[in-house]
Every structure is written in C-alpha cells, then in structure tokens.
Amino acid sequence: MSAMSQRTDSVFVSSLGKGDTLHQQVLAAFPLCGISEEDLIQNPQFCKLLATLSQHVDRAGLTQHLRRDREKAERELHAQRLCWLHVESDLRVLREIVQENRFSKASSAQTAEDKFCSTLEQCLMVAQCVKQMDVSSYSSEDHSGVLGLTAERVQRQMPPEQELLEMKQRLPSELLQHLKKKAVSILTYYQPEWENESEGLRSVKLSKLPELLDAEQKRAKSLTEKNRENKTLLQRQTHAQLSELLKCMNILQRLVLDLRLKAQKDLDRKKIEYFQAKCETGLQKIRAEMLEVQLDTYTRDKIAAHKKITEKLKAELKSSELDKQTQESKLTSFQIYGQDFEALAEEYSRLRREIATKSWALKEFSA
C-alpha cells in the first residue's frame, strides 16, 4: 500500500513539475495563503498535499461543486440586481424630471408641462408611501400601517384616471428625451470634443456609447484584477525581502560584534600604553619634586653648617686675637727678661701661624 502511494506521489509530482516548477505552481494555485517557497522546500510532504489539493479547488479554495453553486447564485443575484437597477434607475430619472420642472418653473400659470409633472410627482409619492409601508400582496395577514393606513387607502390618492392616462401616454417620450440628454452629458464627459458636433453625428456616436462604457468597465476590471495580482506578488516579494533583510541584519550584527571585539582589543592596548605613559610622566614629576625638595633641604643644611662653622671660626679667631694681644703684651713686658725672650718669641710665632691658618679657613668657608 505504501509502495503504491509512493508511486502515485512520484507520478503526480512528475506530472505537475519538478523542483522549483512545482513550488511555483503551488504558490500560484494558493495565492491567498501566507506561505513562501522556503516553507515548501522545508516541508515537501505538505507541498505534495497542496499540489494534490490544487487539482480539486480553485484559487479561492472552493471545490468544483461549490464553485458552480456560487456561480449560479451569482447569476441569479445579478439578474435580480439588474431588475432592481432598471426599476431604480427609472424612478431616479422620473424624480429628476420632476425636480428639473420644479426648479425651472418661472410663472404661476399651470401649463401642460406642469400638469404632467404634478401628476407624475403625485404618482411617485403614492408609490413611495406604499413601498415604505412594506405591504406584501402575497400575505393574507391584515397589515395596519401608521395611523391605521393601508395600501389600498394610500392608493386612493392617485390622480384621476384621465390625468393618469395622459401622463402614461406622454411618459415614454419624456423619459426618452431625458435619457438622451443624460447620454449626451455622459458622452461629452468621456469625449469633450464631441460637444459641438451636429445632432445627427451626435446621435450616431450615442449609439456607440454602450460599447465605450463597456470597454471602460472591462478596462477597469482588468486593472483591478491586475492590481490584485500585483498586490499578491508585492506581498510575496515583501515577505521574501524581509526574510533576506533579517538574514543580512544577523550577518551584520555578527560582523559588528567581531569587529568591535578586535577594535576593543586595540583600544584597550592603546589605553594601557596611554596610562603607562601618563604614570611614567607622573612618577618623573614626583621624582623631580622630591629631588628638588631634597636639594633644597641639602642646601639649607649646608648653609646652616657653613654658618655654624663660620661662627665657630670667628669665635676661635677672636680668641686667637685675644691670645695674640695677651702674648704681645707679655712679649713687651718680658723683653726685659733677657734669655726668656726667645721662648716667648717662639710661642708668639706659633700663635701667629695658628691665627693665619684659621683666617684662611674662615675665608674659604666664607667664599
């Protein structure tokens, strides 16, 4: 059984088409379904099911039997609508005749035209009232309208039989004349250059007006169908483009992330080098400031020591000078002593050398 089904599927696929041809046929058979060719590729069994189903349903999803029933109902509806349109168009044309006569009436004297229009207006009003009462002639129930009015009572308001007969005799010609005027208006709308044509030529061209309107209607339907197909194709292309854009966005995100990581690595390395250089500069500045402080401290200590030594030497020089004065006074006082003078002279010489040495040292420290 399974072998037979597989053989049937293979035969069916080969009959429909292979590869992309089958996918395109399925997409064309079901344009209203939100499926893409990628979905059909990923689900081959579902694609076969749709291909088989396309042999039994149309593009709208209807079977042959339902489509025939729908077409029959559409024909009946079209006939009913056409009948209603005939009646409705006649009523509207008659109302237009009455309104045109009412607005174009210049005198109060009643003419044959006014009498025709008043009779027509009265008939239309009675017909509208009967229609609004919605009385069915096929029902045997007793209908009582507003204020107890019935259709028979409303129809008593019709004009006299003679006036009604005259209005009916004149109505076809008036209706034809009015329709001809409207046809001329439509013709001049579609072909403005025909407005100044002669009456005979205009009548000939009026006979072609139905063909012109039919051609315009067919062209409008063709454009509508083409727009619908273009809309479906646009939706399918938009879906495909969005899918491609999402893929491209994912690729771009991965590329941006990779490039960001590489750039972040280089940026971190440059930041490290910058901070290292900044720290080195700061350390050099700190070292310079510390060296300057140490130099200032050393200079101050040296000046203080030099000052201390200078003061000490000055004190010693002063003491030596006092000793010199003392020895000179002793030398002067002891010159009378004879032999002892040589010892005093040697002592004096020693003191002089000591004074000279200390004076030199004092000068060196003072320089």
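Excluded from the calculations below are hydrogen atoms, water molecules and symmetry mates; all remaining heavy atoms, backbone and side chain alike, are included.
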- Message: Test salt bridge (charged side-chain N to carboxylate O under 4.0 Å, His left out) on E311 and K314; report intermediate values, then the result.
- Response: CA-CA 5 Å; E311 290 177 354; K314 286 181 178 180; over 6 Å; no

Straight-line distance of [X] [atom1] to [Y] [atom2], nearest 0.5 Å:
X: L85; Y: R92; atom1: CG; atom2: CZ; value: 9.0 Å
X: L317; Y: L322; atom1: CG; atom2: CG; value: 9.5 Å
X: E163; Y: K168; atom1: CD; atom2: NZ; value: 13.0 Å
X: L295; Y: R300; atom1: CG; atom2: CZ; value: 10.0 Å
X: L313; Y: W360; atom1: CG; atom2: CH2; value: 11.0 Å

Looking at [Y] and [X], is any side-chain nitrogen of the basic one under 4.0 Å from a carboxylate oxygen of the acidic one?
X: E216; Y: R219; answer: yes
X: E166; Y: R170; answer: no
X: K218; Y: D214; answer: yes
X: R269; Y: E273; answer: yes

Any non-hydrogen side-chain atom of [X] less than 4.5 Å from a side-chain atom of [Y]?
X: K312; Y: K308; answer: no
X: H78; Y: E74; answer: no
X: T224; Y: R228; answer: yes
X: K181; Y: E100; answer: yes
X: L164; Y: M167; answer: yes

- Item | Step-by-step side chain to side chain contact (heavy atoms under 4.5 Å, CB included) determination, Q217 to K221 | CA-CA 6 Å; Q217 186 178 10; K221 288 183 178 180; 3.8 Å; yes

Hydrophobic cluster identity match, [X] and [Y], side-chain contacts under 4.5 Å:
X: V87; Y: L175; result: yes
X: M125; Y: L91; result: no
X: L165; Y: L124; result: no

- Query: Does S319 use its side chain to pair, donor to acceptor, with the backbone of A315 at less than 3.5 Å?
  - Reply: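 Not a single qualifying donor-acceptor pair exists.
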
- Spell out, as yes or no, whether a donor-acceptor pair under 3.5 Å connects the side chain of T357 to the backbone of R353.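 Answer holds: yes.
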
I'd like to know whether [atom1] of [X] has more than 12 heavy-atom contacts from other residues, nucleotides or ligands below 6.0 angstrom.
X: Q284; atom1: CD; result: yes
X: E289; atom1: CD; result: yes
X: R352; atom1: CZ; result: no
X: R81; atom1: CZ; result: no

Which heavy atom of [X] sits nearest to which heavy atom of [Y], and what is that distance?
X: I355; Y: E321; value: CD1-N, 4.4 Å
X: Q122; Y: M158; value: NE2-C, 4.0 Å
X: I97; Y: E174; value: CD1-O, 4.1 Å

- Task: Check the pair K271, Q276 against side chain to side chain contact (heavy atoms under 4.5 Å, CB included), reporting the backbone distance first and the verdict last.
- Result: CA-CA 8 Å; K271 282 184 178 181; Q276 286 178 351; over 6 Å; no

- Message: Does K182 form a salt bridge (charged side-chain N to carboxylate O under 4.0 Å, His left out) with E96? I'd like the steps, not just the answer.
- Response: CA-CA 11 Å; K182 289 179 70 66; E96 289 177 2; 3.5 Å; yes

Please table the atom pairs, donor to acceptor, closer than 3.5 Å between any side-chain atom in residues 236-252 and protein atoms at least two apart or in another chain.
unit_1: T238; atom_1: OG1; unit_2: L234; atom_2: O; d: 2.6
unit_1: S243; atom_1: OG; unit_2: H239; atom_2: O; d: 3.0
unit_1: N250; atom_1: ND2; unit_2: L246; atom_2: O; d: 3.1

- Passes salt bridge (charged side-chain N to carboxylate O under 4.0 Å, His left out), R350 versus E354? Steps please. CA-CA 6 Å; R350 187 185 65 76; E354 187 178 353; 3.5 Å; yes

- So M290 and I286, side chain to side chain contact (heavy atoms under 4.5 Å, CB included) or not? Walk me through it. CA-CA 6 Å; M290 292 178 64; I286 292 172; 3.9 Å; yes

